Amino acid sequence: MRTSFRWLAASLLSLSVLSCAKQEMVSPTPTAVSASADVSAAGFPETFESGTKTAYTAGSVTLGSGSWNLDDALLGNTTADHKTGTQSARVRNLGTLTMNFNTTAGVGVVTVQHAVYGTDGSSQWELWASTNSGSSYAKVGSTITSSSTTLQTASFTVNLAGSVRLQIRKTSGGTNRINLDNITVEQYGSTTPPPTGTGKKFLFDATHAETAGNADWVLDVDNGVVPRYPTPAASGITSTTPETYWTGALSSWGVALVKQGHQVENLPVGTAITYGNTSNPQDLANYNVFVIDEPNTLFTSAEKTAILNFVRNGGGLFMISDHDVSDRNNDGYDSPAIWNDLMNSNSVQANPFGFSIDKNNIVETSSNVRTGTNAILNGSQGTVTQIKYSNGATITVNSTVATPLIWRSTSTQGNANVLCASSTFGTGRVVVVGDSSPADDGTGSPGNTVYPGWTEIASHAKLHMNASLWLAKLQ
């Protein structure tokens, strides 16, 4: 991560240090591909950021996706309303949120973020769907219980063709209220089968505060919401599409992967990290590579088990850290500590990858690169000759399962002062970079300051793309 004036803020501890860098990939011109994609319904995600309704009395309000009827529900913008952005829907008693319009391309998967209002007790609610413009409705999926004061994500597989409208019903009654926010609706039939042959699936994590503070370590952010499928649809990407097609500091990375025929998705806030859970549509078993760029909250015991078993059974894990004292959400943990906790405190295996992240802060450009025929450093995307750390942490290798790839400029090529390394665990593969700056492409949410590290050093795109393909076992 880049410093300049930002290290001054870091010294205060209460402020998050700023972000890292970005660059456009330099490689043979890719051919245009017709990438498979999951397409959001028109107007979605619904973030409840537009429109005003301050009373529970039944009435319609025009939102970003269209007109909705809110009965025993309003748009809340108080500190007790749990939300992304400035407001969310608040529902009481047996209240409902009902679309006054139809989606015309069917409905596939629907996700809804939910939490209790303020410190209210738990409540139950359900998703219902109509295929006759609201004359009748049928329940979809299970009844959901909201009990958390932080937004969680509920997922429903609707799979209805044609014209569909949705309704959310609070079913538990009583005085407890719930907040609902960030409704995503996927068109039905827009999903093609997973890629075969050389096409792979890459999942980018957004569940561990990767957008906290000044960061945007995701593929795309829409009105403050990180969607599962970046918008516009990946199917619109051609060989000449710029990375600004999506808004996220990792959009260059994602667009470059799609140009080569791969699929990319975000794992949205509130979605579970699981492995082997067939009821979770974003279970890690459905992907080839899991990218986690600068996590800012600790992984739970279950998440650690899922991640490590995913790798041990053949998955690829791209780990990106940042420097010491880079706690963007001020919860007491920064990414070096979070990564070390994953590797040192889990129920699968201690020190599974054979390295640890150092608690330091390094700023330098290094050309001290491993020689030889290593596929990450000399792969199909070009030869990696250097890396620039704009505030990052070094790596210490402590087992032969890990391979140092780049060192600090003045260091001997040993197990210390490593800037990038690879490893294996079981039949899976791991790559670690100690700074988020090289992957940062300089675009993000309004108000965030990010930097073009992806293009700042020509080797940055080559390193991350070679590593991605190596993790996916394509080189």
Side-chain angles (χ1 to χ4, degrees), residues 40-103 107 110-130 133-134 137 140 143-154 156 164-185 211-212 221-227 268-270 445-447:
S40 294
F44 288 89
E46 178 52 69
T47 63
F48 298 100
E49 292 300 291
S50 61
T52 302
K53 187 174 185 293
T54 58
Y56 286 107
T57 305
S60 294
V61 59
T62 300
L63 303 174
S65 57
S67 174
W68 289 67
N69 182 271
L70 277 59
D71 186 0
D72 241 339
L74 53 76
L75 298 179
N77 56 14
T78 71
T79 56
D81 288 292
H82 301 296
K83 55 193 178 293
T84 300
T86 60
Q87 59 186 21
S88 60
R90 187 199 309 163
V91 188
R92 69 177 187 180
N93 300 328
L94 295 172
T96 58
L97 308 181
T98 307
M99 292 166 51
N100 291 328
F101 61 98
N102 298 323
T103 64
V107 173
V110 174
T111 66
V112 183
Q113 292 194 318
H114 61 102
V116 299
Y117 168 76
T119 57
D120 281 7
S122 62
S123 293
Q124 287 74 49
W125 57 276
E126 298 169 351
L127 179 70
W128 291 64
S130 172
S133 298
Y137 285 86
V140 177
T143 299
I144 305 299
T145 297
S146 295
S147 57
S148 173
T149 56
T150 58
L151 290 172
Q152 305 297 306
T153 300
F156 306 87
V164 181
R165 67 177 60 186
L166 302 172
Q167 180 184 71
I168 296 174
R169 302 179 180 181
K170 184 174 180 290
T171 57
S172 55
T175 59
N176 291 333
R177 295 151 292 183
I178 57 173
N179 285 122
L180 301 170
D181 204 359
N182 305 326
I183 300 174
T184 70
V185 176
T211 59
V221 184
D222 298 327
N223 297 317
V225 178
V226 180
V269 174
S445 297

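Below, all heavy atoms of this structure are taken into account, side chains as well, without hydrogens, waters or symmetry copies. Treat the numbers as computed from the prediction; the structure is a model and nothing was measured.
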Give a yes or no answer on whether the side chain of S172 reaches the backbone of Q124 with a donor-acceptor pair at less than 3.5 Å. yes
Among side-chain atoms of N179 and D81, is any donor-acceptor pair under 3.5 angstrom? yes
Once you measure the plane-to-plane angle for W68 and F101, does it fall in the parallel (<30°), tilted (30-60°) or perpendicular (>60°) bin? perpendicular
Do you know which two heavy atoms are closest between A55 and L74, and how far apart they sit? O-CB, 3.6 Å
Would you say that K170 contacts D72 through its side chain, given a criterion of any heavy-atom pair below 4.5 Å between the two side chains? no
First locate atom OG1 of T96, then atom CG of D71, and finally report the distance between them rounded to the nearest 0.5 Å. 4.5 Å
CD (Q87) and OG1 (T78) are apart, to the nearest 0.5 Å, by 11.0 Å
Could you give me the CA-CA distance, side-chain angles and deciding distance for S133 and N102, then say whether side-chain contact (heavy atoms from CB on, under 4.5 Å) is met? CA-CA 7 Å; S133 298; N102 298 323; 3.1 Å; yes
For N176 and S122, which I'm curious about, is there any donor-acceptor pair between the side chains at under 3.5 Å? no
Between S50 (side chain only) and G64 (backbone N and O only), is there a donor and an acceptor less than 3.5 Å apart? yes
Is F156 close to V107 at the side-chain level, that is, under 4.5 Å between some pair of heavy atoms? no
At what distance, to the nearest 0.5 angstrom, does OG1 of T103 lie from CZ of F44? 7.0 Å
Could you pull out the closest heavy-atom pair between R177 and R92, with the gap in Å? CG-CB, 3.6 Å
Looking at CG of L97 and CD of E46, how far apart are the two atoms once the value is rounded to the nearest 0.5 Å? 10.0 Å
Sub-4.5 Å side-chain heavy-atom contact between T47 and T84: no
Taking the side chain as everything from C-beta on, heavy atoms only, tell me whether Q167 gets closer than 4.5 Å to S130. no
If we ignore hydrogens and angles and just use 3.5 Å, is the side chain of Q113 paired with the main-chain N or O of V269 as donor and acceptor? yes
Can you find a pair of side-chain heavy atoms, one from L151 and one from T153, that are under 4.5 Å apart? no
Heavy-atom pair with the smallest gap, counting every atom of L75 and A89: CD2-CA, 4.3 Å
Run the numbers on T150 and S148 for side-chain hydrogen bond (donor to acceptor under 3.5 Å, both in side chains), then give the verdict. CA-CA 5 Å; T150 58; S148 173; 3.0 Å; yes
side-chain hydrogen bond (donor to acceptor under 3.5 Å, both in side chains) assessment of Q152 paired with S146: CA-CA 8 Å; Q152 305 297 306; S146 295; over 6 Å; no
Indicate the atoms forming the closest heavy-atom contact of P227 with P268, along with that distance. C-CG, 4.2 Å
Residue pair G51 / L63: nearest heavy atoms and the distance that separates them: CA-CD2, 4.5 Å
Nearest-0.5 Å distance, CD1 of residue I144 to CD1 of residue I178: 10.5 Å
For residues T145 and H114, report the shortest heavy-atom separation together with the two atoms involved. O-CE1, 3.7 Å
Is it true that D181 and K83 make a salt bridge, defined as a side-chain N closer than 4.0 Å to a carboxylate O? no
Would you say the side-chain atoms of T184 and T111 include a donor-acceptor pair closer than 3.5 Å? yes
Hey, are the side chains of H82 and T149 touching, using non-hydrogen atoms and a 4.5 Å cut-off? yes
Side-chain heavy atoms of F48 within contact of I183, under 4.5 Å: yes
Do V91 and W125 have side chains that get closer than 4.5 Å, going by heavy atoms? no
Under a 3.5 Å cutoff, is there a donor and acceptor pairing between the side chains of R165 and Y137? no
